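Worth knowing before you read on, the calculation uses all heavy atoms, side chains too, and leaves out hydrogens, waters and symmetry mates. Protein chains get the first letters and strands the later ones, always in sequence-line order, with residue 1 at the start of each. Note that the structure is predicted; figures quoted are calculated from it, not measured.
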Protein chains: 2
Amino acid sequence: MVNQSSAALDRTFAALADPTRRALLARLEGEVDGLSVSELARPFAISLPAVMKHLDVLGNAGLVSREKIGRTVTCRLEAAPMAEAMAWLERYSAYWNNQLDRLAAFVEAEEDDDG
Amino acid sequence: MVNQSSAALDRTFAALADPTRRALLARLEGEVDGLSVSELARPFAISLPAVMKHLDVLGNAGLVSREKIGRTVTCRLEAAPMAEAMAWLERYSAYWNNQLDRLAAFVEAEEDDDG
DNA sequence: CGATTGGTTAACCATGCTGTTAACTATCTT
DNA sequence: AAGATAGTTAACAGCATGGTTAACCAATCG
């Protein structure tokens, strides 16, 4: 038995695990009115079908929506699923802050030893 | 040319994209002194080698460290790489808050229409 | 020493991911 | 109607992932 939100988290994290897809999202972030598939694809050194597959992954994760008007498809960023990923990570933020504090304390102690 | 931190982010997000691996991390979160590989694996319905592969993925992402003492290997959570993932997501938090606000406003407007 | 316990490695299988090229549909332009 | 433009689909290749079983160190126990 797996949590309901688990599959959604799977898709979100998996979608974010690729640099091309993160770049696509970053590109959409600045464009409130969205971008067409071709405009979106233009800066990338891969074929259009490859970009489409990335858009499928992002779409399945709910991170990008597509609206077809005439022959052009406008893609928009849908950032909401990231909130769930963030919430999952937040569970650990206290933990890594502690670890970073310990590291900082350790470095300071070393500096005292050496200097 | 890809950002230096890009590969690290790839590994972190990819490691987090699997429910078994997230469960392993969640289990380690409560254990300050870490857990042995066998203890860690016990609750899971998969073979030990399968768990080891997950630990390799987590280890490569820097999310788990292993220390061998005698014949037992102690695994500990290293949450620090998650901070980078969080920082990446934070870029979008304003965006998804806006979207959620718009959604809330829309729902309220609908309720006014219906009621 | 011999047996057991903790972990690892190897070989293999099925599936999925990322990219390609080629062909195709659908819409706009002239 | 013909042609260009926007996007999609299909088929394939190569490599990664996630799991298995079986065999194999290495350390502890009796």
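- How far CG of A/Leu63 is from CG of A/Leu55: 11.5 Å, rounded to the nearest 0.5 Å.
- Nearest nucleotide to the B/Val37 side chain, out of C/dT8, C/dT18, D/dG18: C/dT8.
- The nucleotide whose nearest atom lies closest to any side-chain atom of B/Pro49 is, among D/dG18, D/dG19, C/dT9, C/dT9.
- Using a 4.0 Å cut-off between charged side-chain N and carboxylate O, B/Arg21 and B/Asp56 make no salt bridge.
- Across residues 62-77 of chain B, B/Arg71, B/Thr72, B/Val73 each have a non-hydrogen atom less than 4.0 Å from an atom of DNA chain C (numbered order).
- Between the side chains of B/Ser36 and B/Glu39, a donor-acceptor pair is found at a separation under 3.5 Å.
- Between the CZ atom of B/Arg11 and the P atom of D/dA16 there is a distance of 14 Å, rounded to whole Å.
- Atom CG in B/Asp10 sits about 11 Å away from atom P in D/dT17, given to the nearest Å.
- The nearest whole Å value for the distance from the CG atom in B/Leu48 to the P atom in D/dG18 is 17 Å.
- Note on A/Asp10 versus B/Arg22: salt bridge recorded, some NZ/NE/NH1/NH2 to OD/OE distance being below 4.0 Å.
- Of the residues near DNA chain C, B/Met52 and A/Lys53, the one whose nearest nucleotide (by heavy atom distance) lies more toward the 5' end is B/Met52.
- Within the 4.0 Å cut-off from OP1 or OP2 of D/dG19, not a single side-chain nitrogen or oxygen of B/Ser47 is found.
- In the hydrophobic cluster analysis, where Ile, Leu, Val, Met, Phe, Trp and Tyr join through side-chain heavy atoms closer than 4.5 angstrom, A/Leu16 is grouped together with A/Tyr92.
- Proximity of B/His54 to the phosphate of D/dG19: a side-chain N or O atom is located under 4.0 Å from OP1 or OP2.
- Salt bridge status for A/Asp18 with A/Lys53: absent, with no side-chain N to carboxylate O gap under 4.0 Å.
- Side-chain atoms of B/Ser65 and B/Glu78 form a donor-acceptor pair, as typed in the model, at a separation below 3.5 Å.
- Residue B/Leu58 contributes atom CG, which lies 13 Å from atom C1' of D/dG18 at whole-angstrom precision.
- Taking atom CG of residue A/Asp56 and atom P of nucleotide C/dG16, one finds them 15 Å apart after rounding to whole Å.
- Two residues, A/Ala14 and B/Leu55, neighbour DNA chain C, and the one matched to the more 5' nucleotide by heavy-atom proximity is B/Leu55.
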